[in-house]
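Report on one structure; see the data block that follows.
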Protein chains: 2
Amino acid sequence: MNRTNGGGMRRATGGVNLLALRSHNTALVLDLLRTAGPEGISRLELAERTGLTPQAVSKITARLREDGLAAEAGRRASTGGKPRTVLRLVPEAGHAVGVHLDRDELRAVLTDLDGTVVAQRRAPLDLGAGAEAVLARVAGVVGALGDGAAARVRSPLGVGVVLPGPLDHERGVLHRVTGFPEWDGFPLRDALAERLGSVPVVVDKDTNAAALGLAVGGEGGSFAYLHLGTGLGAGLVIGGSVHRGPRTGAGEFGHQVVQLDGPPCGCGDRGCVEALCLGAVERGDTQEAARVLGVGAANLVGLLDIDRVLLGGRTVEADPEAFVRGVRAVLDARARRTGDAPVPVRVASGGGHGVAEGAAQLVLAPVFGRGEG
Amino acid sequence: MNRTNGGGMRRATGGVNLLALRSHNTALVLDLLRTAGPEGISRLELAERTGLTPQAVSKITARLREDGLAAEAGRRASTGGKPRTVLRLVPEAGHAVGVHLDRDELRAVLTDLDGTVVAQRRAPLDLGAGAEAVLARVAGVVGALGDGAAARVRSPLGVGVVLPGPLDHERGVLHRVTGFPEWDGFPLRDALAERLGSVPVVVDKDTNAAALGLAVGGEGGSFAYLHLGTGLGAGLVIGGSVHRGPRTGAGEFGHQVVQLDGPPCGCGDRGCVEALCLGAVERGDTQEAARVLGVGAANLVGLLDIDRVLLGGRTVEADPEAFVRGVRAVLDARARRTGDAPVPVRVASGGGHGVAEGAAQLVLAPVFGRGEG
DNA sequence: TGCACTTTGGCAACAGCGTTGCGAAAGTAG
DNA sequence: CTACTTTCGCAACGCTGTTGCCAAAGTGCA
């Protein structure tokens, strides 16, 4: 705010609110450029899509070109007059690092502005080896990624780190990470930022990163990403942005009770979807596991009225068709009862590096006006 | 938009985007004025709370005073200099009508800008009597409300109509309203707007109106309003605004399955919270009903990470303490397992006219920058 | 080949937004 | 009565997107 007039600093003219407007419109344009991909998009199309006047778009794109973020990329065929000049994003103008900390493994990617993976690393990891060891390993991998890239990347825009949670996204502090309670209270964001030398760090749950990656990757509207691996969690995207809740606690899908007084779950409750679902998987009864997962998904669909359900995680990937079929059956039955169109179910694209890429998007998304910007 | 230069119209100077910024800031100020109530709020306090400069606030409030929406209301005690001038909202500057259509009864209120009820009507209603009869009844009551007010209100800002749903809030079209399938596809908003003579009409679900009323009434953050009457539904408020989902389908709390293959429900599924809960109520087992409701609420809390759970509806009001106690027990047990602070449970304030008042807020909220503006 | 027409897109002038500089108004304290 | 503090509006300013206008670059037809 800086409303002190005494010292003589004569900065911040113009107005904070107008700056907000400017960056909002700039982000809008950047996001359209990104979505258009290498084919690019013309100024007039940008104007139509943003609702801005062509002249405003010209001004904004001129700034972007000056900053090296956008460039001209040929022209379209004429429609009777001067042909439209096509603009595209310059992906090399910025890079981001995404790190996925799993229980036994670390995956990291370096992406450009576009989200395209430029370099990647994969290493074994023991999340229980203590803060010092894990931090050192992460810092090492992040440094190696930059050197390994085609064009060496000295300073990425930021580093996104994701892990199973629960945690506090806003402060970047871990809570009782499932299976590794010793992390409770550890300020991962600040510790890592200091270690990496003032590179911005963002911390989030792995399911949120996966969901964000899908949202940026083209999944529009509202959807749920259900992750079935060693546990069962969800990432929720509502109206294009990830819903975390005030304490980053949203997405606790697995401990939703679907069988009153059912079999005990590791969490201490009874009849949780996770317990029932993993139990069925263990018994080899994939069909029942899928049905239970479908019931949980149907509950979610009813509560939030989402557009789509996407499935992922190692267990799903082991037999994707069975899970899709089972979940779809439950949702279709629901749709027949309500009279609405059935909610589509698919396997989430991305797979292996999906989560790490999503982690990188934690850094990139704000640039394009997605998330808390 | 109007980008045609041919005719010579020289309107719309200034810019659509700047107008959006202006109305956003104006709404921010208006909302603070409303929240402050009759005691009012000073310009400097407005500046601090909005993040605007004092001068910007002066300009905005000057416009508001010119338009009759705000007025000076005395001054505060001096803190060593010129005392602050207190501003307040002028509630009589605008009015809104809220109509609550229940299965057997119609309640309607006329409120001022503040949301204070100025006049009210209550009449028996048969929702199954056909469109013509219901429309006539509503139009009659709305007209009577305006005449009955202390100062006759000729043209309210709009009319909010709410009923059990399901329906399409955006288009104002009803779907298969529970118990009255004959309404399916009826364009209530447009039909009523035409009948009332171009007064804006908004249509929504009753639970959403109740939730909106609570949100405007001071419940901040994210919360769920659970309504237990002849059915069981929920209104969700996420980050201060009502979450309806893309098809106004959100809040289908009652048909959340909490007992796999449990007793059949009217919806055609098995083990729905509604069936279990109402079944327990019918047996006189309030304790079990509250426990089941609590399990559903806990599922919701886990999925969305909300701050608060509020209970309402005729069945709850019959024995509020038992329901609060039962739901709280389940949520507290959950909190002990996760280690988080327990989610508070309360009975929703408002009671009788709460839903109709919330319906009026459907009209007023956009003025104060809440909702789809 | 040349002319009329269409479409793109930049330059310059403009209105309106919030901000800064400054001074009048309205209190308190000595 | 004087000195000081605090509130708050007027005037000038910088920046935003918008409008008016024109050059550039194509197509289509005579």
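What you are looking at is a predicted structure, and each value in this text was computed from that prediction instead of being measured. Just so we're on the same page: letters track the sequence lines, and every chain starts at 1. Side chains included, hydrogens not; waters and symmetry mates left out as well; all remaining heavy atoms used.
For the pair Leu64(B)/Thr26(B), a side-chain contact is recorded, criterion being any heavy-atom separation below 4.5 Å from C-beta on. Using a 4.5 Å heavy-atom cutoff, the side chains of Thr248(A) and Asp305(B) are not in contact.
Applying the salt bridge (Lys or Arg N to Asp or Glu O under 4.0 Å) criterion to Asp114(B), with sequence neighbours excluded, gives no partner residue. For Leu196(B), the side-chain contact (heavy atoms from CB on, under 4.5 Å) partners at least two apart in sequence or on another chain are Ala139(B), Val142(B), Val159(B), Leu192(B), Val199(B), Val201(B). Applying the side-chain hydrogen bond (donor to acceptor under 3.5 Å, both in side chains) rule to Arg65(A) yields the partners Glu72(A); only residues at least two apart in sequence or on another chain are considered. Remark: Asn25(A) engages no residue in a side-chain hydrogen bond (donor to acceptor under 3.5 Å, both in side chains) (not counting sequence neighbours). Scored by the salt bridge (Lys or Arg N to Asp or Glu O under 4.0 Å) test, Arg308(A) finds Glu219(A) as partners (sequence neighbours excluded). For Arg63(A), there are no salt bridge (Lys or Arg N to Asp or Glu O under 4.0 Å) partners at least two apart in sequence or on another chain.
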Show me the protein contacts with nucleotides 10-12 of chain D, counting only N or O atoms at under 3.5 Å.
{"residue": "dC10(D)", "atom": "N4", "partner": "Gln55(B)", "partner atom": "OE1", "Å": "3.1"}
{"residue": "dC10(D)", "atom": "N4", "partner": "Gln55(B)", "partner atom": "NE2", "Å": "3.2"}

Write down the protein N/O and nucleotide N/O pairs, taken from nucleotides 27-30 of chain C, whose separation is under 3.5 Å; answer none if there are no such pairs.
{"residue": "dG27(C)", "atom": "OP1", "partner": "Arg75(B)", "partner atom": "NH1", "Å": "2.7"}
{"residue": "dG27(C)", "atom": "N2", "partner": "Gly80(B)", "partner atom": "O", "Å": "3.1"}

Are any protein N/O atoms closer than 3.5 Å to N/O atoms in nucleotides 28-30 of chain D? If there are, list each pair with its distance.
none

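Counting to the nearest Å, the C1' atom of dA26(C) and the CZ atom of Arg76(B) are 17 Å from each other. Here dG18(C) presents its P atom at 11 Å from NE2 of His24(B), a figure rounded to the nearest Å. One interatomic measurement links the two molecules: CZ of Arg63(B) to P of dG9(D), which rounds to 13 Å at whole-angstrom precision. Straight-line distance from the CZ atom of Arg84(A) to the P atom of dT27(D): 15 Å, rounded to whole Å. Atoms CD (Glu72(A)) and P (dA24(D)) sit 16 Å apart, rounded to a whole Å. If you measure from atom CG of Leu19(B) to atom P of dA15(C), you get 15 Å, rounded to the nearest angstrom.
Considering only side-chain N and O atoms, Asn17(B) lies nowhere under 4.0 angstrom from the phosphate OP1 or OP2 of dT16(D). Taking 4.0 angstrom as the limit, Thr53(B) places a side-chain polar atom (N or O) nearer than this to OP1 or OP2 of dT19(C).
Looking at Arg247(B) and Asp307(A), a side-chain N of the basic residue comes within less than 4.0 Å of a carboxylate O on the acidic one, giving a salt bridge.
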N/O donor-acceptor pairs under 3.5 Å from side chains in residues 73-90 of chain B, not counting sequence neighbours:
{"residue": "Ser78(B)", "atom": "OG", "partner": "Gly80(B)", "partner atom": "N", "Å": "3.0"}
{"residue": "Ser78(B)", "atom": "OG", "partner": "Gly81(B)", "partner atom": "N", "Å": "3.0"}
{"residue": "Ser78(B)", "atom": "OG", "partner": "Gly81(B)", "partner atom": "O", "Å": "2.4"}

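Pairs passing the salt bridge (charged side-chain N to carboxylate O under 4.0 Å, His left out) check and including a residue from residues 30-42 of chain A, sequence neighbours excluded, read Asp31(A)-Arg34(A), Asp31(A)-Arg370(A).
Listed in residue order, the members of residues 28-45 of chain A having a heavy atom less than 4.0 Å from DNA chain C are Arg43(A), Leu44(A).
Remark: the backbone N or O of Val162(A) is not paired with any side-chain donor or acceptor of Asp204(A) at under 3.5 angstrom. With hydrogens and angles disregarded, a donor-acceptor distance shorter than 3.5 Å links the side chain of His169(B) to the backbone of Val203(B).
Across Ala215(B) and Phe223(B), no two heavy atoms sit closer than the pair N-CZ, 3.7 Å.
Positionally, the nearest nucleotide of DNA chain D for Arg65(B) lies more toward the 5' end than for the other of Arg65(B) and Ala56(A).
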